[in-house]
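In what follows, a structure is listed as structure tokens, so that the remarks can point back to it.
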Amino acid sequence: MADGVQIPFDKAQVKKAVQALQAFQKSKSNAESLLLDEADSISLLFTLWKIPKKPQTIRIPLPHGQRPDTEEVCLFTRDEPHMTSDQTQRFYKRLLQEKGVKNITEIIPYTVLKKEYKPHEAKRRLMGNYDMFLSDDRVRRLLPSHLGKHFYQRKKEPLCVNLQSKTLARDIQRVIQGTCLKVNNKGCCCMARVGHHGMTTEELTENIEAAIQTVAAKLNMKGPVVKLIHVKNETSVGLPLYVSDLNHLTALEGAELHAKALQKERAEARKKAKDAKQPKPTGEGEEAEKEEEIPMLVPIETPSKKPKLENASKEKQLEKAPKTAVTKKARKAPNKQKKKVAKTDFKAKRKVPKVK
């Protein structure tokens, strides 16, 4: 909702919901609930009209810190050039002391994370030893492959911090005491922690108002996309703070149609610009193209073979002259003489057997 759409929630309704949650928690109070844990946390549940196309992480600065000073925070840093791991740790501890940062309890360079926390059990132990993780923004993209999926399933992935900032103490304090809303593209519900039951009603109310205003300003979706807002803890039901009107749904559909029309117009404009860049054929080129056009292929009739055969037989008959009787006898006579000579030769060559 980056287009300036605000969520018109009722502040009195927010205060009533917080008081109802506090009364519910007191009715179930026991020795274990006195400690600050996830069961004591108070969260805002946002329900959207449609599933977002892209995931988004919204950082929400809160006017009142939701974490106690006793929480342990771990910081992942990059490896400084020409320094060992111990020297890198001492360098960043000195830097944090100079900037006035007191909330960091442990500093782990990237090389130490890659070598000492390679086994699966070591990663699980690291995740359980600290309540929150921060990382230098220069090594943020290298961490997921070395931390594993459990950090992200338990929502303990490290938050980025610019260690080269001039206002480093204020930036780290905002990140630690603030909260994050993770909008994913797999569903229409998302939740952000805004406080705990150890805070007063006024502090919780101010945190909730600040969170709603920040989400309305930073959500990368056009139109009134927020459908419902509830406040709840881990064991209670959701108490409604804001319910969207059905008119917002029609407005959202109209915004979608308008966006599709704009997209179509842009595509047509790109197509026209692309066609205009291409050189147009001149008149000579058109005539040449017409001349070079391939003519239609028409089958040619071939003469049948029967007349050829008839003509050939006629030619052969003309070539063969009629034979007379004299020529026939002249041709037969030498054959007879040859036969007689052959018979006489055969008889001459025949041997008569001698009689003893």
Side-chain angles (χ1 to χ4, degrees), residues 1-2 5-7 9-11 13-22 24-25 28 33 36-68 71 127 131-133 149-160 174-199 201 203-221 224-244 248:
M1 293 167 59
V5 178
Q6 296 183 356
I7 301 175
F9 62 94
D10 188 5
K11 296 182 179 180
Q13 179 70 16
V14 173
K15 190 171 183 179
K16 288 179 181 179
V18 170
Q19 291 174 350
L21 280 179
Q22 289 177 338
F24 173 78
Q25 186 67 18
K28 289 193 171 185
S33 66
L36 179 64
D37 55 5
E38 291 184 358
D40 286 326
S41 64
I42 296 176
S43 304
L44 280 179
L45 177 64
F46 293 86
T47 305
L48 308 180
W49 278 110
K50 62 178 183 177
I51 298 175
K53 294 181 179 179
K54 294 181 181 179
Q56 181 187 2
T57 300
I58 301 174
R59 287 191 179 183
I60 304 172
L62 299 176
H64 303 282
Q66 59 167 339
R67 299 177 185 272
E71 281 199 355
M127 182 180 64
D131 301 310
M132 189 178 183
F133 295 90
K149 63 181 181 180
H150 297 286
F151 274 80
Y152 296 88
Q153 288 177 350
R154 295 287 300 274
K155 297 181 180 180
K156 279 193 173 184
E157 64 272 19
L159 301 176
C160 297
R174 282 183 178 180
V175 172
I176 293 175
Q177 298 299 339
T179 186
C180 285
L181 178 69
K182 294 180 180 178
V183 183
N184 56 26
N185 56 352
K186 298 179 181 179
C188 58
C189 295
C190 46
M191 186 179 292
R193 177 179 170 180
V194 293
H196 56 84
H197 284 286
M199 301 171 67
T201 305
E203 291 175 348
L204 287 172
T205 304
E206 291 178 3
N207 281 1
I208 291 172
E209 292 174 0
I212 293 174
Q213 292 173 359
T214 304
V215 171
K218 294 184 177 181
L219 194 60
N220 289 336
M221 297 177 73
V225 294
V226 178
K227 182 180 180 180
L228 301 169
I229 300 177
H230 293 85
V231 62
K232 65 187 293 296
N233 60 20
E234 295 296 328
T235 58
S236 70
V237 296
L239 302 178
L241 301 179
Y242 168 77
V243 179
S244 177
H248 292 174

Are any non-hydrogen side-chain atoms of V237 and H230 less than 4.5 angstrom apart?
no
Has E203 got a side-chain atom pairing as donor or acceptor with G198's backbone, closer than 3.5 angstrom?
no
Does H196 offer a backbone N or O that forms a donor-acceptor pair with the side chain of Q66 under 3.5 Å?
no
Would you mind reporting whether I60 and L181 have side-chain heavy atoms less than 4.5 Å apart?
yes
Rounded to the nearest 0.5 Å, how far does NZ of K11 lie from CD of E206?
9.5 Å
Rounded to the nearest 0.5 Å, the CD atom of Q19 sits from the CG atom of L21 at a distance of 10.5 Å
For K15, is the NZ atom crowded, meaning more than 12 foreign heavy atoms sit under 6.0 Å from it?
no
Does I212 reach the side chain of Y242, with side-chain heavy atoms less than 4.5 Å apart?
no
Heavy-atom distance under 4.5 Å between the side chains of C189 and L45, does that happen here?
yes
Would L241 and L44 satisfy side-chain contact (heavy atoms from CB on, under 4.5 Å), going step by step from the backbone distance to the final call?
CA-CA 9 Å; L241 301 179; L44 280 179; 3.7 Å; yes
Residues in side-chain contact (heavy atoms from CB on, under 4.5 Å) with L159, at least two apart?
R59, M132, L134, V175, C180
Could you please spell out the steps behind the side-chain contact (heavy atoms from CB on, under 4.5 Å) verdict for V226 and S244?
CA-CA 7 Å; V226 178; S244 177; over 6 Å; no
Donor-acceptor check, side chain of T179 to backbone of R193, threshold 3.5 angstrom: yes or no?
yes
Just jot down the ring-ring contact (aromatic ring centres under 6.0 Å, His included) partners of H64, sequence neighbours excluded, or say none.
none
Counterpart residues, side-chain contact (heavy atoms from CB on, under 4.5 Å), relative to A210 (two or more places apart):
P63
Under 4.5 Å between any side-chain heavy atoms of N220 and K54, yes or no?
no
Note, I42 side chain near H197 side chain (heavy atom, < 4.5 Å):
yes
Closest non-hydrogen atom pair between A17 and L239, with its separation:
O-CD1, 3.5 Å
Can a donor-acceptor pair be found, under 3.5 Å and without considering hydrogens, that links the side chain of N207 to the backbone of L62?
no
Heavy-atom closest pair, residues I51 and C188:
CG1-N, 4.2 Å
Short question: side chain of K156, backbone of M127 - any donor-acceptor pair under 3.5 Å?
yes
Taking the side chain as every heavy atom from C-beta outward, state whether F46 and V183 have any atom pair closer than 4.5 Å.
no
Out of curiosity, N233 CG to S43 OG, how far, rounded to the nearest 0.5 Å?
8.0 Å
